[in-house]
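Have a look at the structure below, then the notes.
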Amino acid sequence: MSKIFYETAAIDYANAAPHIGHVYEKIICDFLARFHRLDGYETNFVTGTDEHGEKIARAAKNAGQEPQAFVDYVSEQLFQPAYRRLLISYDDYIRTTSERHKRFVQEILRKVYEAGDIYYAEYEGLYSVGSERFVTEKELVNGILPGDSEPPIRRKEANYFFRMEKYRPWLVEYLHEHPELIQPQAYRNEVLEILKEPIGDLSISRPKDRVPWGIPIPWDEHHVTYVWFDALLAYASSLASRGLFEKYWPHAWHVIGKDILKPHAIFWPTMLKSAGLPIYKRLVVHGHILAMDGRKMGKSLGNAIDPLALLDKFGVDAVHYALLRDTTLGSDSPFGEEVVVQRLNSDLANDLGNLLSRVRTMLLKYTGGKIPAPSAPDSEIAKAGVALAEKVRKEVDALRIHLALEEVLQYVRSLNKFVNDAKPWELARDESRRPELEDALYTAVEGLRIASVLLEPALPTKARELRAALGLGDYTIAQTETWGLAPAGTPIPQEAPILFPKLEVGELKSEGPKPKAAPSSEPNAANGQISIDEFAKVDFRVAEVVKAEKHPKADKLLVLTLNVGDHTRQVVSGIARDYTPESLVGKKLVLVANLKPAVLRGVESQGMILAGENAEGKIVVVTPEQDLPPGAKVR
RNA sequence: GGCUAUGUAGCUCAGCUGGUUAGAGCACACGACUCAUAAUCGUGGUGUCGGCGGUUCAAGUCCGCCCAUAGCCA
């Protein structure tokens, strides 16, 4: 029986830049994809962007762009580059505005229509523009839907409806026959609870004259497809358009956040059933990333983590590892830089990196820089090593990724203990104990080989670097279940960089881009207001850019030389993503002139430039509306 | 209001179908060692296993009620 694995991450709504939640999900998927590839599964991993809908049309309008240009930018300039930098190993990236997707949606719509499961009806109700759906009175709080910024409007509309209710009894039965379908179980219970009541039919279209930004309904040019009947199908259209549907679809796993459980657990299976397609195999539901204090993360709360900043600071492997090791799939988990530093230092630097380092030194010193002859495969370390893969598989299959990683780390710790006990440095002093010495070092090398393969899904670059530092190449997970595959006599490189340099905890604080304002310094912090005196403390000045260059050690920062009238000064500003150095020279900006100087990545910054962020996450600097001389006070 | 989860050492978590003195990692303290990234290894916990009550020879583990947190539904 061939081993096949198809996996999807949720396709992201293309109306803003990726945040840590998007990244968390993709890293989970990346782990599962890499794990299955290494374990001999033919694997296909897909994600993409959801690019239709009223909300996007409006965001585009606000940005002064055509919808297509807008989603092109969000998908191609924001999401895909971010995921590439994060080494998310997807095989296909499906965009819902692509021709291949549109064709597929129309094909499925026809099938469902021909099955008699779509009808036309008029509907009147309260409609939330923000959430793109009709809402009930009961959902409103003070006349507004929680999460929306504007109250819903009355709207009467003729739409096409999908006979979803018709499939409710079937779905309940299917869920009982397939208890493993939705995981973790808590979410399955939730779905079964919802299905005890009628779920109604699903509106699947919008009039084109109101929402032109969508896929046309094939038999009625006056309507376009509504979001879910478009977006969900991306999971299948990616495969179908590549001719891989038959092969992969029956093995599909969807990984989603708990916020979109209902569409995936109820809409999607009934749609598939009506279209005569097999149901996916598993729905994996993860929780949300919270701030370290356990509260929700959000731009408005000012406690959001920028995933790319994390990447710059800690490296791709540490970010993957920490997000996987310190969260529990299915539950909400607090996360922050402290967590990454902790994991990087203890698990990766001290336990794993240092083990590699000490083993390498001893190989270079005692065995001529070569891997010695294999040891007896019946040692405790050998037995535990070849048994490790099965333990890890079990945890991964149960979606307890944090425990899977802990299993491997336990083994790494046992290797450290083994080296301490075997004391190769003592054996090396006595030529008669040479076999013991070689035995011990070979055991350590094999142990590292096994651990590195099993950690590779969470350490996409460093696992291979680790083996390379021992002169070893790639292995499958199955090849960790045989002891002695590291070839004796293999020379190891003379030089190898430190695998995981440790981070000082102090380094964290000083480099933090936005240290939180100390509550004690804000007497009126309760209502967020400050007095005119407090405001007067801030010295805003007009400053002209005389020189701008890239920061040598950070690609998000620019180093600006500013003319502030009577003197010039240097300011480091985090605007490199959206401004080239050339475009800034000659511009007049607003400077906070009496800000305490700070050193950002080794370059002193004497002040701060005012800038904001627009709806697409683009940084925009503040400039005087008419000309003001450099040094002029602003208030 | 109903439902579903969760509540175990300072922190993050493990404890399968009930069974000897409840565990791990991190952090902290002390000790050992020197091959190593001031790393590693060892030793160190009087935790009311959220609370109360019940079933049982035996309950963190089962049952009931209550409290707290999160989410879903109405």
Side-chain angles (χ1 to χ4, degrees), chain A residues 136-140 146 182-200 257-262 265-266 285-288 290 292-296 322-336 338-367 391 394-395 398 400-429 437 440-441 444-445 448 466 469 496-505:
Chain A
T136 59
E137 297 273 4
K138 287 177 181 171
E139 286 181 85
L140 305 180
I182 301 175
Q183 297 195 10
Q185 287 293 305
Y187 295 104
R188 174 175 182 265
N189 295 343
E190 204 171 301
V191 170
L192 283 170
E193 188 58 28
I194 296 173
L195 290 175
K196 283 181 182 163
E197 304 283 329
I199 50 178
K258 63 180 187 179
D259 51 311
I260 48 175
L261 174 64
K262 198 169 161 181
I266 296 176
V285 186
H286 67 252
H288 293 155
L290 304 175
M292 284 308 286
D293 57 8
R295 298 194 311 167
K296 284 186 183 168
L323 268 171
L324 293 167
R325 176 62 188 86
D326 277 289
T327 61
T328 306
L329 209 140
S331 339
D332 293 351
S333 307
F335 187 79
E338 298 93 312
V339 170
V340 188
V341 173
Q342 185 64 254
R343 285 298 166 191
L344 180 60
N345 282 347
S346 61
D347 288 12
L348 300 180
N350 291 352
D351 290 347
L352 184 63
N354 180 53
L355 175 62
L356 171 70
S357 182
R358 62 198 300 212
V359 169
R360 269 183 49 82
T361 304
M362 289 188 283
L363 289 171
L364 291 170
K365 253 173 148 168
Y366 307 144
T367 65
K391 285 186 178 177
K394 227 175 111 189
E395 297 294 4
R400 306 198 292 189
I401 297 174
H402 62 305
L403 298 184
L405 295 175
E406 180 57 21
E407 283 288 351
V408 186
L409 255 289
Q410 248 174 49
Y411 185 65
V412 170
R413 285 182 214 112
S414 77
L415 288 172
N416 269 317
K417 179 174 165 53
F418 168 80
V419 172
N420 279 27
D421 294 346
K423 299 184 174 57
W425 50 95
E426 262 179 32
L427 301 175
R429 293 189 206 116
L437 171 67
L441 290 180
V445 169
L448 271 169
L466 187 161
I498 295 287
L499 196 62
F500 293 105
K502 271 183 91 160
L503 269 179
E504 295 303 321
V505 179

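Below, chain A is the first sequence line, B the second, and so on; all start at residue 1. Worth knowing before you read on, the calculation uses all heavy atoms, side chains too, and leaves out hydrogens, waters and symmetry mates.
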Item to complete: Provide the distance between the two C1' atoms, one in B:A24 and one in B:G44, to the nearest whole Å.
Response: 16 Å
Item to complete: Could you check how far NZ of A:Lys258 sits from P of B:U4, rounded to whole Å?
Response: 18 Å
Fill in: Pairwise P distance, B:C16 and B:U34 [rounded to whole Å]
43 Å
Worksheet, complete the sentence: Closest non-hydrogen contact found for A:Ile199 with A:Leu195 is CG2-CD2, 4.0 Å
Discussion item. Mind checking if A:Tyr366 touches a base, just sugar-phosphate, or nothing, with heavy atoms under 4.0 Å?
Written reply: sugar-phosphate
Worksheet item: Between A:Asp326 (side chain) and A:Phe335 (backbone), is there a donor-acceptor pair under 3.5 Å?
Response: no
Worksheet item: Does the pair A:Glu406 and A:Arg413 meet the rule for a salt bridge (Lys or Arg N to Asp or Glu O under 4.0 Å), with working shown?
Response: CA-CA 10 Å; A:Glu406 180 57 21; A:Arg413 285 182 214 112; 3.2 Å; yes
Item to complete: With rounding to the nearest 0.5 Å, note down the distance linking CG in A:Leu441 to CG in A:Leu363.
Response: 5.5 Å
Worksheet item: Counting just side-chain N and O atoms, does A:His402 come under 4.0 Å of either OP1 or OP2 of B:A14?
Response: yes
Worksheet item: What integer distance in Å separates A:Asn354:CG from B:C41:P?
Response: 9 Å
Worksheet item: Can you tell me how far CG of A:Leu448 sits from OH of A:Tyr411, rounded to the nearest 0.5 angstrom?
Response: 9.0 Å
Practice prompt. Using Watson-Crick or G-U wobble geometry with both distances below 3.5 Å, tell me the partner of B:U6, or none.
Written response: B:A68
Practice prompt. Could you check whether A:Asp351 gets within reach of a base, just the sugar-phosphate, or nothing at all, counting any heavy atom under 4.0 Å?
Written response: sugar-phosphate
Worksheet item: Going through the distances and angles, do A:Glu395 and A:Leu405 end up as a side-chain contact (heavy atoms from CB on, under 4.5 Å)?
Response: CA-CA 9 Å; A:Glu395 297 294 4; A:Leu405 295 175; over 6 Å; no
Worksheet item: Using a cut-off of 4.0 Å on non-hydrogen atoms, how would the nucleic acid contact of A:Thr328 be classed: base, sugar-phosphate, or nothing?
Response: sugar-phosphate
Worksheet item: Base, sugar-phosphate, or nothing for A:Arg413, non-hydrogen atoms under 4.0 angstrom?
Response: sugar-phosphate
Practice prompt. Have a look at A:Thr361 and say if it touches a base, only the backbone sugar-phosphate, or nothing, with a 4.0 Å heavy-atom cut-off.
Written response: sugar-phosphate
Worksheet entry | B:C57 versus B:G18 - spacing of their P atoms, nearest Å | 15 Å
Response to the item:
Whole-Å distance, A:Asn189 CG to B:G71 P, equals 18 Å
Discussion item. Considering every strand and a 4.0 Å limit on heavy-atom distances, what is the contact class for A:Lys196: base, sugar-phosphate, or nothing?
Written reply: nothing
Worksheet item: Does the side chain of A:Asn420 get closer than 4.0 angstrom to OP1 or OP2 of B:G42 through an N or O atom?
Response: no
Item to complete: Check the distance between B:U4's P and A:Ile182's CD1 and give it to me in whole angstrom.
Response: 16 Å
Practice prompt. Tell me which of A:Glu193 and A:Leu499 sits closer to the 5' end of RNA chain B, going by the nucleotide each one is nearest to.
Written response: A:Glu193
Item to complete: Sticking with atom P, work out how far B:C11 lies from B:C49, rounded to a whole angstrom.
Response: 16 Å
Discussion item. Could you tell me how far apart A:Lys423 (NZ) and B:G42 (C1') are, to the nearest whole angstrom?
Written reply: 11 Å
Practice prompt. On RNA chain B, check which nucleotide each of A:Glu190 and A:Asn350 is closest to and give me the residue with the more 5' one.
Written response: A:Asn350
Item to complete: Could you check whether A:Leu403 gets within reach of a base, just the sugar-phosphate, or nothing at all, counting any heavy atom under 4.0 Å?
Response: sugar-phosphate
Worksheet item: Looking across every strand, which nucleic acid part, if any, lies under 4.0 Å from A:Arg400 by heavy atom: base, sugar-phosphate, or nothing?
Response: sugar-phosphate
Worksheet item: How far, in whole Å, is B:A27 from B:C13 if one measures between their C1' atoms?
Response: 15 Å
